[in-house]
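There's a structure below that I have some questions on.
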Amino acid sequence: MSKLSYAVLGLFDTPDALMHAIPKVRAAKLGTVEAYTPYPIHGIDDALGLRRSPLGGMVLVMGTLGALTAFGFQYWISAIDYPIITGGKSAASWEAFIPIMFEVTVLFATFTAGLGMLLLLNRLPFFGHPVLSSKAIKGITRDRYALALEAESEAFDSAAAAQALQAAGAVEVEILPAPDRSPFLTSDYILRTLGGIFVTCLVAGLGIYTLTKWFPLLAPMKYMQDQPRLNAQKASTFFKDGRGMQPPVPGTVARGYLPTATGTQDAAATLVNPLPRTKEVFALGRKVYGNRCEVCHGALANGSGSLTAAYGAKPANLQAQQFRDYPDGKLYWVIVNGKNAMPSHAPYLTETQRWAVVHYVRALQRAQNAKDEDLKVVAP
Amino acid sequence: MKTRLPDHGPVEAPRFWRTLEERVETPEARQAAHDEFLPGAVPAYDDVHGLPPQSGVSRRDFLGLVSAAAALAATVACDRKGQGTVVPYTKRPVEVIPGVANYYASAFQEGRRVYPVLVKTREGRPIHLTGNDEHPGVKGKTSPRAMADVLRLYDPDRLRAPKLESRTADWSTVEARLHGALQAAKAVGKPVLLVSGALASPTRKALLADLKAALPTLEHLAYEPAAGDAAEEAARASYGQSVDIRPRLAKAKVILSLGADFLNGEDPEALAAWGAQRRLTTAKEPINRLWALEGPLTLTGTNADHRFPVAPSRLAAVAFALARELAAKGRSLPAGTDLSTAPAGTPAELPAQAWANLVRDLLHAGREAVVLCGAQMPAEAHQAAHLLNALLGSEAVALTPAEPLATGKDLEAAVQGMAAGRYAAAIFWDVNPAFTHARAAAWKEALAKVPLRAWLGLVEDETAAQCQLLLPENHWLESWGDYSTPGAAVLQQPTVGTLYDTRQGEDVLLSALRALGASPAADYHTYLRARWEKGVLQGGTFEQALHDGLVKLDAKAAAPAFRGASVAAAARRAAARAEGLELVLFPGFAPFDGRHANNSWLQETPDPISKMTWDNPVAVSVQDAQALGLQEGDFVTLTLEGATLRLPAVIQPGQAKGVLALALGYGRTTGGVAKGVGANAYPFLGLDPTTANVRPGARLAKAGGRKELSRTQSHHRMEGRDIVRSLTMDEFLHHPQGHHHQPELVSLYEEQKFPDHKWGMVIDLAACVGCSACVVACQSENNVPVVGPEQVAKGREMHWIRIDRYYEGELENPKVVHQPMLCQHCDSAPCENVCPVNATNHSPDGLNQMAYNRCVGTRYCANNCPYKVRRFNFLEYTAYKTEPETLAYNPEVTVRPRGVMEKCSFCVQRINDVKIRAKGEGRSILDGEVTTACMAGCPADAIVFGDLKDPKSRIAQLVTATRAYKVLEEVGAKPAITYLADLKNPVEGGHHAH
Amino acid sequence: MRTDASVHAVPVPEGLLEPSLTVGKVTPGSLDDQVLAFPETRPPKQWYLALAVTLTALGIGLACIGYTFTTGIGAWGNSSPVFWAFDIINFVFWVGIGHAGTLISAILFLFRKRWRNAIARFAEAMTIFAVMCAVIFPLIHVGRPWLAYWLFPYPNQRALWTNFRSPLLWDVFAVNTYFSVSLMFWYLGLIPDIASMRDRTTSKLRKTIYTVLALGWRGAASHWQHYEKAYLLLAGLATGLVLSVHSVVSFDFATSVVPGWHMTIFPPYFVAGAIFAGFSMVVIVLVVVRETMQLKNLITMRHLDVMNKVILAMSCIMGYSYMMEGFTAWYSMNEYLHHGFMNIITGTYGWAGWITISCNILIPQLLWFRKARASYFWMIFVAIGVTIGMWFERFVIIVISLHQDYLPSAWRIYKPTMIDFGILLGTFGLFFTLVLIFARVLPVIATTEVKAILPDAQPGHGGGHE
């Protein structure tokens, strides 16, 4: 034959004929001997001298791996990554991991057996094998038994092979040409496949995108992020002012918020500062003064704070005689109720803080207007 | 040195200088003073010191830019879902800190009862109620209906603006119309009828007096359909005036109840006293004894040590016989008492032995014994009770003169008056006679003859349908007011501004006063304040009174004297025997007289005895049911004097033979919730006040068909299981643990460690009477959804805490036990093991916690819960609710949508609130500081919550008590809730109660 | 290694030989012409009719599922305390049906039971379809089905994981493994058959499809060697799996504390029940197939006879299990367990208990008679009885145990709704729709395996017997 050929197929009608032919054909030593049958023929692997299948070992290894993976996965999750106590069992208790370990073992083992056989050992899928495009294949997958002498080198003599097979009792001989491009690997096929894959991906992508965008927000699906309850700071369509937070009714008294200095400023003159003049109180007073009063009234309570000029405000100069003559109560009244441009500080200052500030203001006034006899006070 | 200055002088002077340079103001010095701030520390422009602008970005600008960038980033990063606008206070009120609850003392009136309450508000909006802890009587407890009334504030059915001739109008026109009518009436001297509820408020009384002065023809009726006319009649007969009779159980050793249901939760004071006497730690402590003679089975009956079914019509006979017995045994009768006509000897209802014991108990207890009579019982029974108390000189009952109530007679007179066209106008204020009057048809017909009919109320009702003027009223949580209670004058203050265009009734009357020429205070707030500052406050300020909610008074009103002469007639009537079935009409547990019928929380709260929700089937005794061949839920026709009703029947164990019991207040024809729920029993009410609520001669017949009862419990026996333990005092003394052996529970796993806290609960079944206050408290605190009758019938109610009620012994007069059942927060919780997504798991402080948003709803946990306390949102019960309904939700608790499992959380939000506060104050949590809603709501103090790891805590003491046991301990779930066995004190096997 | 039929490579004394598994003269060629012809011919009218019926049922089921999805589980009869009902009953029922396939194809393969070859393919297909019906329920029975995927341990944005102590999670793994393994097993068996179809078909479309599915199988001896090894290993693994899967399903109940669930006998008892139900379903389908597709010569009365014997055996195991339940209830002296058992035979749902007992224990005893095993009527009667009985057994286990457990206060009666029945109907629709389609597009008999055991199929004295 001129054309380079891949193999020669000899067809037999019965398994017995095939089995008898194998030794003869092997003896000819013309090339690799392979049989093609519609179903497994027993003893043929020995006749062809095939190696034992390594599948068992592979499955054992992968199965064990599966078991270990399952255990590691469960243990890491339950005991290390996010330990949660359920049913009083310690996060590291392993007893409950066994069922899943078993399942995963089987899963790994099965896929090794199945896919390992197909992909690794049998090198499938492979659509380009010459036998597939032979005339004989129709019979091979039906009820004929084929013996093939396959080329091992360029020097393969198909004629001799054909003869050997006929000698071995082949009823029919077919010479297979060297594999040309399989019909499944033609460029147009590949292009069509790729095109198909691309379109599928596109459609799927769009589908998934739209699904994730609007589907989860449809009616029955709740995620509890929008609660029907009215939280603090939330707007409300119910109240006329659109606010969820409503002011208390004027004149009402909440527990622990007994109003103080409710009367006029003069009425408040009678109030006495309940706090002692201690270091702590002054410290507190200074802190509060620094936080709330100093910006306007100034570090020295002289009415020249850092904001005064900037905003052209005219805060009271507490060093003025008028304020130095104020009783504590009247100062306190101003802190609670505010005066002129000064807002009420009641919401931000506790009772103690308010009175402490009063003390501190007194201290500032005295500091700026120290008399000689004051020195005696501090003299040891 | 000192400088004289003008006040508010220019800020330049006096200049306090730091250096001489600065003093003389050399430019260098100025520059130095300015450069004290590094470049960039001050704005680029500097018009303060008039210096040339600096180059570069100032620190402030820089910070501004940075924060702006951060803010922008934050907004961009925001999740698309669940974003909302933030609306802060522009001027924050002193007392409100967003996210922190406020508490306001106020008060709630129901009938003659006044409940001083503490209102929990969030951002100026009430969300939860408890009793006022300052009040000497209620001590921080209140009634289920009072707690549930916060929902009525947010009732979407509320009338939102005045109506004139069923067309929305503004106040001025409506009031003009009213005032015109009143002025006209005054001019021609025609009577004006004003019907309102009981007068418990002194200031309101004063206001009415002013009105009467301005309008002499005013006729006022204080109408309480559920108060029981008989009680009023009897009081007038026995004492010559209306009297408010309250038990003082703290002083009672022996209590005889003649159909009195004083443990039904309406009277927190009584429950507290009862609990105090029953919460025994050792069998040595004294305990009271309760004898109950009653027709229907009441909560009081179920908690009695001895209970005998007695038809209400026979109570008087029994009581008078008892009086004769006592008199014979040497007790001196009050002057002028003639018992000759009274029945004598052992009554048929009681075994001779029991009778002898009862007599002996009462004799021994003497002044420490008390006889109480149910408001609905016939007048003669009341009089007999009055006599017995007088006879025993009982100190365990407080008699205080009360404002008279209108009885059926007065109403009848009013009907005739209206029919005769006597009245120029009629004003109905918070009353609904068109529904509650026995002969509603006649009433409506007569009312139609009144030229001007005005209605003041919350939700348009049957009466409103009859009136031209509808004046929407404030809910009491929006109103001012005051009440007199024993021991204290109580103030009521609004806790939220009016939600709608409504006014409080008193303000309407004030404007009427003004129209009638008087010149009263501008509004009721000032009126009230003025009256208090004049009369009530002793030295203290009004603010202080508002803060506490009350001013304590020890006003000793002279107890009215018993009139012996009144007995003879009553005794004669008591001897008469009624024939046929007798129908007992009592206010429904949920709707009371019908005013709460639109409150879905109450409608779904199971009746403590029948466990019915959303319905009032007629209760039939076991014997009668057998005679009639009745099954649970069979439809029957109930006929009495022409009135007929088709309604389902339930068989009520323990109900006296020949007695039918039916709840009032159902069968409303208005209100989104109330409409069509149950059957209206008012037509059966008698016009004769002495027997208004007990009607002989009722007829019952099968009507065919059966109703699927919306009942939360369908199996009523314990099947001999060790679930509720009940001990007599003897058993308590000798073998408190009974014959129950504690199973030895071994585990494969080591115990869970609880580092700092281990929360637990103790429930004392001896103190628990089953009043269901805890159920309502929990519903309000934890946003527990309402599912409606059909769902309840399917078994899908959502209550986190339920009260199991079991019957034991023969059904004619069974022993009854109650057991609050809620999540037991088991250490080895079966529910936690089986959740595939870890949605329910255990917290380090011993809570069995639910992560709602992790729950996918496999319901496996609920299957595996031995206590069946897990609740599943089978349908969407909450998410589609809108304001105002949603305003009642507690913002601290997640609202659960459908498909999510939920259950008691031990009020984890309250625990964390306390934790946070304690941490802020740098201290550890105090014992009793954390209270669950059910604990806070329990008037009998049967529930104790606390930290089991704190050896000094109250709970740590209690779990070691001899009565302590755990339900289903053998399952091995290690529940965190310990129950203390129920206690009974019968004569045999009990203590001598004296 | 020695594969199934290879045991017969050694001569077997005549007396011990099994009778032939086929009737009449069957050659590999005739086999192909008979079996592989179906996909190439147009289906008969009856087939379309049947398909219409099953599709309607499926449609109803889907509608009911849609309704449930939008309204919530409240659309079903489930309530407290019966939180599980039809949903889990159907799940267990269908998983059980599935087991027959794996059993026949795997366990009988290991036991060298050659009669399996003719029916294995169909049984395996039914396994896959049944499991498909079963997996619907775990997905739709959850309260928030759109979050059902949370049952899988995947790293989500809140770093939350699943709870590996929950039997439900074991289920997720077991059922998924079971499905994928069955699919693999089935497909491997199909490859050579598809190859035959590829090579005989004339239509271009079919050729393309079969070519791709056959992965270029060419029947090389070296391939057969690995193939048989793989098949043997798969059989071994699937055997362990099939036993484990229903054990795990039974753990859902056995590991709980519900009286009537918490029993050590459950795993074996569930597996037996599964095989029992599965075989009955296979018998029903086989009879129909045998008649309608003229496969009398391949699926012989002997096959059915053996199947019926297995059913009979399983029925006895079930009877024993029921008795053990009663015995445990009595012997344990556990009042809750005792109440639970009395509830099954005397309670409100006693009728269900008795249906279970009579359908699963009494009726199958008919199969002691050769006549019954040889009569279509009786074997179908028994098989349908068993199918019903096994469904009710799950009803008994789930509903009766739940509706009265520990606290009497929580006891309540359960009533299913129309939606429940609709969904059950829908799963039957799905199952039979898939069966019908399968019967038309793929070889219903594993021709390759049957060829291997035909007379003269093997060299020397191998193969069948004349």
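In what follows, every chain begins at residue 1, and chains take the letters A, B, ... in the order their sequences are listed. Hydrogens, waters and symmetry mates play no part in the numbers below; they use all other heavy atoms, side chains included.
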Please state whether the side chain, the backbone, both or neither of B:R717 comes within less than 4.5 Å of a heavy atom of chain C.
-> backbone
Between B:R871, B:R870, B:R802, which shows the greatest number of heavy-atom pairs under 4.5 Å with chain C?
-> B:R802
Please name the pair of heavy atoms, one in C:H141 and one in B:T858, separated by the smallest distance, quoted to 0.1 Å.
-> NE2-O, 3.4 Å
Give a yes or no answer on whether the side chain of B:S714 reaches the backbone of C:W411 with a donor-acceptor pair at less than 3.5 Å.
-> yes
Looking only at atom types and distance, does a side-chain atom of C:W150 sit under 3.5 Å from a main-chain N or O of B:C855, one as donor and one as acceptor?
-> no
Among the listed options C:I88, C:L160, C:L169, the residue most often paired with chain B at heavy-atom distances under 4.5 Å = C:L160
Counting only heavy atoms closer than 4.5 Å, note whether B:Y806 contacts chain C via side chain, backbone, both or neither.
-> side chain
Side-chain donor/acceptor of B:R898 to backbone N/O of C:I73, under 3.5 Å | no
Of C:P153, C:S80, C:A410, C:A75, the largest count of non-hydrogen pairs under 4.5 angstrom with chain B goes to C:S80
Locate the shortest heavy-atom distance separating C:F253 from B:Y860; write the atom from each residue and the value.
-> N-OH, 4.2 Å
Given that the side chain runs from C-beta out, which part of B:R854 has a heavy atom under 4.5 Å from chain C: side chain, backbone, both or neither?
-> both
Going by heavy atoms in the side chains, are C:L147 and B:V837 under 4.5 Å from each other?
-> no
Gap separating the CE atom of B:M821 from the CG atom of C:L407, nearest 0.5 angstrom = 5.0 Å
Around B:Y852, counting heavy atoms of other residues, nucleotides and ligands shown, do more than 12 lie under 6.0 Å from its OH?
-> yes
Are the side chains of B:V834 and C:P167 in touch, meaning some heavy atoms are under 4.5 Å apart?
-> yes
Chain B shares the most heavy-atom pairs under 4.5 Å, among C:Y336, C:W261, C:W146, with C:Y336
Is the number of heavy atoms from other residues, nucleotides or ligands under 6.0 Å of C:H262 NE2 greater than 12?
-> no
Do the side chains of C:S409 and B:Q819 get nearer than 4.5 Å, heavy atoms only?
-> no
Would you mind checking which part of B:E832 comes under 4.5 Å of any heavy atom in chain C, side chain (CB onward), backbone (N, CA, C, O), both or neither?
-> backbone
Backbone N/O of C:N78 and side chain of B:R859: donor-acceptor pair under 3.5 Å | no
Side-chain heavy-atom pair C:R144, B:N853 within 4.5 angstrom cut-off = yes
Contacting moiety of C:T68, where chain B heavy atoms sit under 4.5 Å | backbone
Region of B:E708 in contact with chain C, defined by heavy-atom distances below 4.5 Å = side chain
Checking heavy atoms, do the side chain of B:V967, its backbone, both or neither come under 4.5 Å from chain C?
-> side chain
Option from C:V257, C:L402, C:I398, C:D252 for which side-chain contact (heavy atoms from CB on, under 4.5 Å) with B:N863 holds = C:L402
Measure the acute angle between the ring planes of B:F874 and C:F83, then classify it against the limits of 30° and 60° as parallel, tilted or perpendicular.
-> parallel
Would you mind checking which part of B:P866 comes under 4.5 Å of any heavy atom in chain C, side chain (CB onward), backbone (N, CA, C, O), both or neither?
-> both
Look at atom CD of B:E719 and say whether more than 12 heavy atoms of other residues, nucleotides or ligands are closer to it than 6.0 Å.
-> yes
When you measure from the side chain of C:S79 to the backbone N and O of B:G795, does any donor-acceptor pair fall under 3.5 Å?
-> no
Exam field: side chain B:N864 to backbone C:S256, donor-acceptor pair closer than 3.5 Å = no
Is there a side-chain contact between C:H339 and B:R721 (heavy atoms, below 4.5 Å)?
-> yes
Determine whether more than 12 heavy atoms belonging to other residues, nucleotides or ligands lie under 6.0 Å from atom OH of C:Y331.
-> no
Minimum side-chain heavy-atom gap C:P408-B:I723 below 4.5 Å | yes
What's the shortest heavy-atom distance between C:W161 and B:N838, and which atoms?
-> O-ND2, 3.5 Å
Could you check which of B:V856, B:D804, B:T712 has the highest count of heavy-atom pairs closer than 4.5 Å to chain C?
-> B:V856
Would a distance-only check, ignoring hydrogens and angles, find a side-chain to backbone donor-acceptor pair under 3.5 Å from C:R412 to B:A793?
-> yes
Counting heavy-atom pairs under 4.5 Å with chain B, the top scorer among C:V258, C:D171, C:T162, C:L168 is C:L168
Heavy-atom proximity to chain B below 4.5 Å, by part of C:F251 | backbone
